Amino acid sequence: MSTPRLQRPTPRTGNARQRTSQLKLVAVSLAFAAALAATGYYALRLLSGPVVKPVPTADSRPQQSKSPTGSTILATPASKAPAQPQTTLSRIGQVEAAKQNKPAGPLYDPRSSNAALAYESLPLESPQVAEAQAVLTKYAQAATWRERLPFVFAPERIEALMQEQYEKRGQKDPEHGGLLAAGIITAGTSTVLNLQFACATRPDAGMRANFHRNRNGKLMLDWESWVAWTEKTWPEFKQEHSQLSVVMRAVASESSYYNYEFSEGWRWLAVKLRSPDGLHNVTGYIERNTVLGIALANLIGVPLPHKLPDGTPMPALKLPGSKALVTVRLAFPAKAQSDHCVNITEILADRWLLFPGEGK
């Protein structure tokens with residue numbers, strides 16, 4: 001009996017079986033890849049922790065503008081939620097104090113949240129302006145400083161300062177010229193009526209009269225900003241070389257004078273500080289790489305490179321050569337080598353008008 005021959009598969013049958021094997025291999029590979037991907041995804045989730053979806057936020061950085069008082073005013077766009085009432089320099093001071101691990105301390109009375117947030121111009125012929133001018137006229141016509149006291153705001157505190165100014169220092173009030181502008185400064189729950197006059201004896205050729213209303217509703221002159229009161233006279237301050245900080249009102253501008261303890265121009269910003277009568281001056285120094293240093297530089301038109309966060313409040317950068325009214329604390333360095341170079345230890349305000357809590 002003969003052995004049967006094995007039949008070879010036809011080419012068509014062999015091709016079908018080959019395709020079936022290939023499809024099975026592809027399916028197994030895809031399943032393995034999917035399993036591997038899933039394992040990697042869950043491993044990544046375990047390692048990276050929960051996914052937090054970003055919350056969209058609107059740009060709430062306040063718009064900056066300038067009032068004729070020389071102070072920086074923050075105004076929040078009407079379409080956005082109003083910012084917490086707070087002044088520019090107040091917030092800058094808090095940032096600076098936090099960086100130095102020191103308590104900032106309120107620049108304004110926290111009970112009333114006084115903050116210079118708005119300025120509204122008034123027509124020069126308005127009744128409020130006429131009322132303020134009448135008060136100023138009576139104040140100027142008084143024969144003695146004691147007779148001026150009834151027209152001054154907070155007379156119980158100002159009386160000793162007026163006696164020091166007129167009897168011991170022998171000072172007189174500057175003579176002012178014509179009225180240039182008028183407006184209302186809104187500060188939290190308080191309002192201040194501001195009049196601005198020409199004044200040839202002031203370095204910035206201006207003189208400002210600020211008026212508060214007392215509890216009886218009468219307008220009263222803010223005497224300290226009117227005469228630009230300083231804790232020491234400028235000659236006394238320069239002669240005594242006080243290392244204790246002294247509150248001084250001055251007209252600030254850029255200086256290029258670097259000498260003695262402050263010869264390192266890369267470290268210090270030099271600021272020329274002129275007395276309100278223009279007869280005296282010192283050079284104040286503040287570190288460039290600080291929030292307050294950058295803020296003061298903006299006020300006098302000196303652009304300083306910095307890496308501060310976008311949300312850090314800053315006065316608007318003025319044009320080069322600008323002058324700014326400032327109320328500052330000054331102190332001489334230990335073993336001062338001159339009577340001209342001083343430390344700017346604090347910036348109380350970018351104006352001569354101080355609200356409750358400032359300067360304390």
Side-chain angles (χ1 to χ4, degrees), residues 89 92-105 107 160-161 164-165 168-171 203 224 227-302 304-306 308 323-352 354 358-360:
L89 288 181
I92 292 172
Q94 290 176 0
V95 172
E96 183 72 7
K99 188 176 72 173
Q100 298 177 4
N101 296 319
K102 296 190 303 184
L107 285 182
L161 304 185
E164 169 84 12
Q165 178 81 345
K168 183 178 179 180
R169 299 181 181 180
Q171 297 293 320
E224 289 174 282
V227 301
W229 164 261
T230 55
E231 287 187 343
K232 291 183 178 294
T233 66
W234 286 81
E236 285 176 346
F237 174 69
K238 297 179 69 173
Q239 182 179 4
E240 294 177 2
H241 288 191
S242 174
Q243 296 179 35
L244 298 177
S245 294
V246 178
V247 175
M248 305 291 281
R249 288 173 168 87
V251 180
S253 59
E254 182 181 6
S255 173
S256 59
Y257 184 76
Y258 294 90
N259 206 347
Y260 302 111
E261 300 91 344
F262 306 98
S263 60
E264 298 171 325
W266 59 268
R267 177 183 177 186
W268 301 101
L269 171 69
V271 182
K272 184 175 183 179
L273 299 171
R274 298 184 66 182
S275 61
D277 60 11
L279 300 179
H280 309 278
N281 67 85
V282 297
T283 303
Y285 298 88
I286 190 168
E287 292 197 50
R288 291 172 176 263
N289 192 27
T290 63
V291 180
L292 288 177
I294 297 167
L296 183 53
N298 282 11
L299 291 174
I300 58 176
V302 180
L304 292 183
H306 60 81
L308 297 177
K323 298 177 182 179
L325 302 184
V326 293
T327 304
V328 293
R329 292 187 190 274
L330 304 179
F332 279 89
K335 299 180 180 179
Q337 301 179 47
S338 76
D339 65 352
H340 189 78
C341 301
V342 300
N343 275 306
I344 301 174
T345 61
E346 190 175 356
I347 306 172
L348 298 178
D350 53 348
R351 46 188 150 70
W352 289 348
L354 296 182
E358 291 183 316
K360 294 183 180 180

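From a predicted model like this one, the values you see are computed outputs, not experimental measurements.
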Can you tell me if Glu164 has over 12 outside heavy atoms packed within less than 6.0 Å of its CD?
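Yes, because the 6.0 Å sphere around CD of Glu164 holds more than 12 heavy atoms from other groups.
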
Is there a donor-acceptor pair under 3.5 Å between the side chain of [X] and the backbone N or O of [Y]?
X: Trp352; Y: Ala250; value: yes
X: Thr327; Y: Arg249; value: no
X: Glu287; Y: Gly293; value: no
X: Glu231; Y: Val247; value: yes
X: Lys232; Y: Val246; value: no

First locate atom NZ of Lys238, then atom CG of Leu330, and finally report the distance between them rounded to the nearest 0.5 Å.
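Rounded to the nearest 0.5 Å, the NZ-CG separation comes to 12.0 Å.
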
When rounded to the nearest 0.5 angstrom, what is the spacing between CZ in Arg351 and CG in Leu299?
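Here the interatomic distance stands at 11.0 Å.
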
Taking only residues at least two apart or on different chains, which pairs with a member in residues 268-281 satisfy side chain to side chain donor-acceptor pair (under 3.5 Å)?
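The answer is Ser275-Asp277.
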
Quick check on the 6.0 Å ring-centre criterion: do Tyr257 and Phe262 meet it?
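No - the distance between ring centres of Tyr257 and Phe262 does not fall below the 6.0 Å cut-off.
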
Using the side chain to side chain contact (heavy atoms under 4.5 Å, CB included) rule, take His241 and Asp339 through it: C-alpha gap first, then chi angles, then the decisive distance, then the call.
CA-CA 7 Å; His241 288 191; Asp339 65 352; 3.5 Å; yes

Do Leu161 and Glu224 have side chains that approach each other closer than 4.5 Å (heavy atoms only, starting at C-beta)?
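They are in side-chain contact.
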
Below 4.5 Å, heavy atoms only, C-beta onward: do Leu273 and Val326 meet side chain to side chain?
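Leu273 vs Val326: side chains touch.
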
Applying side chain to side chain contact (heavy atoms under 4.5 Å, CB included), name anything that partners Ala270, two or more places apart in sequence or on another chain.
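Here the qualifying residues are Ser255, Tyr258, Thr283, Tyr285.
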
Name all residues meeting the side-chain hydrogen bond (donor to acceptor under 3.5 Å, both in side chains) criterion together with Thr230; count only those two or more places apart in sequence or in a different chain, and write none if there are none.
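None.
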
